[in-house]
Amino acid sequence: MKETPLSNCERRFLLRAIEEKKRLDGRQTYDYRNVRISFGTDYGCCIVELGKTRVLGQVSCELVSPKLNRPTEGILFFNLELSQMAAPAFEPGRQSDLLVKLNRLLERCLRNSKCIDTESLCVVAGEKVWQIRVDLHLLNHDGNIIDAASIAAIVALCHFRRPDVSVQGDEVTLYTPEERDPVPLSIHHLPICVSFAFFQQGTYLLVDPNEREERVMDGLLVIAMNKHREICTIQSSGGIMLLKDQVLRCSKIAGVKVAEITELIQKALENDQKVRKEGGKFGFAESIPNQRITSFKMEKASIDTSSIEEKAEEIIAEAEPPSEVVSKPVLWTPGTAQIGEGIENSWGDLEESEKEDEDGNHEAVILDTKMDTGEEVSDIGSQECRPSVQNKRKHQVKIQ
C-alpha cells in the first residue's frame with residue numbers, strides 16, 4: 001500500500017509553522033520528544049518509545065565458529081524490520097531503500113564504533129565464539145526511526161546477559177542460569193543517534209522530526225555520539241549543502257541530547273536491576289499504565305450553591321423580556337365571543353344535503369371551562385355545528 005501523500009494545504013501549513021518556529025506537538029525547535037524505556041521478563045528484551053514511535057529490541061546469542069580473518073573476535077549482527085503494523089506503507093518481505101539505509105547506519109553506529117568488546121566474546125580461539133544478534137522491530141511509526149532504533153539496540157545490549165561457559169581442554173561447558181549467573185556484555189561506551197531535519201535548503205533546523213515533518217523536509221543529518229562527545233558516525237542525506245557552522249552547531253546540540261539520554265538509560269537499567277534483586281514485579285505487563293474502566297460510576301462533584309440566587313437574578317436582568325403577544329377573545333355582542341382572526345369561511349358553499357343535516361337536532365355538548373374572568377361555565381346548550389363543515393378559524397360559542 002502506497003503512502004498517502006500530503007496535500008498542498010498541509011505542506012504549506014507545516015512549512016509556514018516551521019518558519020514561525022512552531023511545531024504541531026507544541027515542542028520548540030531543539031526539543032526532543034519524551035523517551036520511555038520498559039524491559040521484558042527476559043534479559044535483553046526492551047521497548048523504547050520516542051513520542052509515539054515504538055521499537056522493540058531483542059538480543060539473543062549462540063556459539064558459532066569465528067570468521068577466518070578474525071579468529072579471536074565475536075560476531076555482532078543487527079537486523080531492523082519494518083512491518084505493516086507500524087505503517088501501512090511498509091511492505092512485508094521486501095528490502096526497501098529506507099530499510100537498507102537504516103540497517104547500514106545502525107551497523108556503522110554500533111559495530112564500527114567498537115562500543116562492544118568483541119574479543120571478550122571469544123571462547124576458544126579459531127573454534128568457538130559468541131554471536132550476538134540484535135533484532136529490532138518497529139511497532140509504530142511516527143518519525144525518526146533511526147534514533148529510536150539506536151536507543152533500543154544499545155539498551156537491549158546493556159540489559160542482555162549471556163550464559164556462562166567454562167573450557168576444560170577441548171570440552172566447552174555451557175551453564176544454565178540456575179547453575180551460574182549469566183554474564184553481561186563488555187560495553188565501552190553508548191553511541192546514540194540524533195537526527196536533524198533541514199527545511200528551505202538549510203534555512204530552518206528541527207531536532208527529532210516527526211513523521212509529518214519528515215515528509216516536507218529537504219535534508220536530514222544524523223550524528224551518532226557518546227556522552228564523551230566523541231562522534232561515532234555522521235551521515236547527511238537529501239542532497240542539501242550544509243555549512244561548517246551548521247554541522248558544528250548540530251554536533252553541540254547532539255552532545256547535550258546524548259548526555260541526557262545516556263543518563264536516562266542508566267537510571268532505567270539501575271531501576272530494573274533493583275526490582276529484580278528485591279523480587280518485585282517486572283516486565284512489560286507491569287510497565288503498562290492501568291487505564292481499565294472498572295465501573296461506570298463517577299464521584300460526586302461538589303457544587304457551590306451559595307451564590308445561585310445572585311447569579312439567577314443577574315441572568316434574568318441581562319435576558320431580554322418576553323414578547324407580550326397574548327390571544328384575547330373579542331366580544332361582539334353580550335353572550336358571544338370570538339377567538340381567532342375572524343376570516344370568512346373558505347370551505348365553499350354548503351350543499352343542500354349538508355344544509356338539511358345542519359337543521360337537525362344534535363346532542364348537547366357539556367364542557368367545563370373556566371374563563372379568564374373566573375366564572376365557571378357549564379351546561380352549554382345545544383350547539384349546532386358539524387365538524388366537516390366547521391370553520392376552523394372562527395368559532396362562536398353561545399353562553400347561557
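- Around the CZ atom of R104, the shell of radius 6.0 Å holds no more than 12 heavy atoms that belong to other residues, nucleotides or ligands.
- Note on I187 and F77: separate hydrophobic clusters, where clusters join Ile, Leu, Val, Met, Phe, Trp and Tyr whose side-chain heavy atoms are under 4.5 Å apart, directly or indirectly.
- In this structure, D170 and V124 have side chains that are not in contact, with every pair of non-hydrogen atoms separated by 4.5 Å or more.
- The CG atom of L136 sits 8.0 Å away from atom CG of L56, with the distance rounded to the nearest 0.5 Å.
- Annotation: E309, atom CD; neighbour count of heavy atoms from other residues, nucleotides and ligands within 6.0 Å does not exceed 12.
- Atom CG of residue N112 and atom CG of residue L105 lie 10.5 Å apart, to the nearest 0.5 angstrom.
- Other residues, nucleotides and ligands place more than 12 heavy atoms under 6.0 Å from the CD atom of E260.
- The same ILVMFWY cluster, assembled from side-chain heavy atoms under 4.5 Å apart, contains both Y204 and L242.
- S113 approaches C109 most closely through the heavy-atom pair OG-O, 2.5 Å.
- Under the 4.5 Å side-chain criterion, counting only non-hydrogen atoms from C-beta, R215 is not in contact with E10.
- Heavy-atom neighbours of D181 CG from other residues, nucleotides or ligands within 6.0 Å: at or below the threshold of 12.
- Here the NE2 atom belonging to H228 is positioned 8.0 Å from the NE2 atom belonging to H189, to the nearest 0.5 angstrom.
- Counting non-hydrogen atoms of neighbouring residues, nucleotides and ligands closer than 6.0 angstrom, the CG atom of L248 exceeds 12 such neighbours.
- Two different hydrophobic clusters hold V167 and V183 under the rule that ILVMFWY side chains link at heavy-atom gaps under 4.5 Å.
- Using a cutoff of 4.0 Å between basic side-chain nitrogens and carboxylate oxygens, K267 and E263 are scored as salt-bridged.
- The environment of OH in Y32 is crowded: more than 12 heavy-atom neighbours from other residues, nucleotides or ligands sit within 6.0 Å.
- Taking all atoms of both residues into account, the shortest heavy-atom contact from S195 to L220 is CB-CD1, 4.0 Å.
- Hydrophobic cluster membership differs between L185 and Y175, with clusters built from Ile, Leu, Val, Met, Phe, Trp and Tyr side chains linked at under 4.5 angstrom.
- In plain terms, the two heavy atoms of R180 and S166 that are nearest each other are NH1-CB, 4.2 Å.
- For E20, the CD atom counts as densely surrounded, since its 6.0 Å shell holds more than 12 non-hydrogen atoms of other residues, nucleotides or ligands.
- When all heavy atoms of I154 and C115 are compared, the closest pair comes out as CD1-SG, 4.4 Å.
- Separation of atoms CG (N271) and NZ (K274) is listed at 7.5 Å; rounding is to 0.5 Å.
- Side chains of F78 and V134 form a contact here, defined as non-hydrogen atoms less than 4.5 Å apart.
- Using a 4.5 Å heavy-atom threshold, the side chains of Y30 and V256 count as separate.
- In summary, of the residues considered (I145, L80, N79, L138), a side-chain contact (heavy atoms from CB on, under 4.5 Å) with L99 occurs for L80 alone.
- Put simply, the residue from K52, R212, R54, R33 that forms a salt bridge (charged side-chain N to carboxylate O under 4.0 Å, His left out) with D142 is R33.
- Cluster partners of V129, by chain and number: V64, I75. The rule joins Ile, Leu, Val, Met, Phe, Trp and Tyr whenever side-chain heavy atoms lie under 4.5 Å apart.
- Separation of atoms OG (S83) and CG (L139) is listed at 7.0 Å; rounding is to 0.5 Å.
- Between V55 and A152, the shortest heavy-atom contact is CG1-CB, 3.9 Å.
- Between P163 and W130 there is a side-chain heavy-atom pair separated by less than 4.5 Å.
- Using a 4.5 Å heavy-atom threshold, the side chains of L15 and Q200 count as touching.
- To the nearest 0.5 Å, the span separating CG on N144 from CG on L206 amounts to 11.5 Å.
- Geometrically, R276 engages Y43 in a cation-pi contact defined by less than 6.0 Å to the ring centre and at most 45° from the axis.
- Using a 4.5 Å heavy-atom cutoff, the side chains of I146 and L106 are in contact.
- Under the 4.0 Å criterion applied to side-chain N and carboxylate O atoms, D31 and R23 are not assigned as salt-bridge partners.
- Taking the side chain as every heavy atom from C-beta outward, F90 and H141 approach each other to under 4.5 Å.
- When the shell of 6.0 Å around CD of E62 is examined, it contains more than 12 heavy atoms from other residues, nucleotides or ligands.
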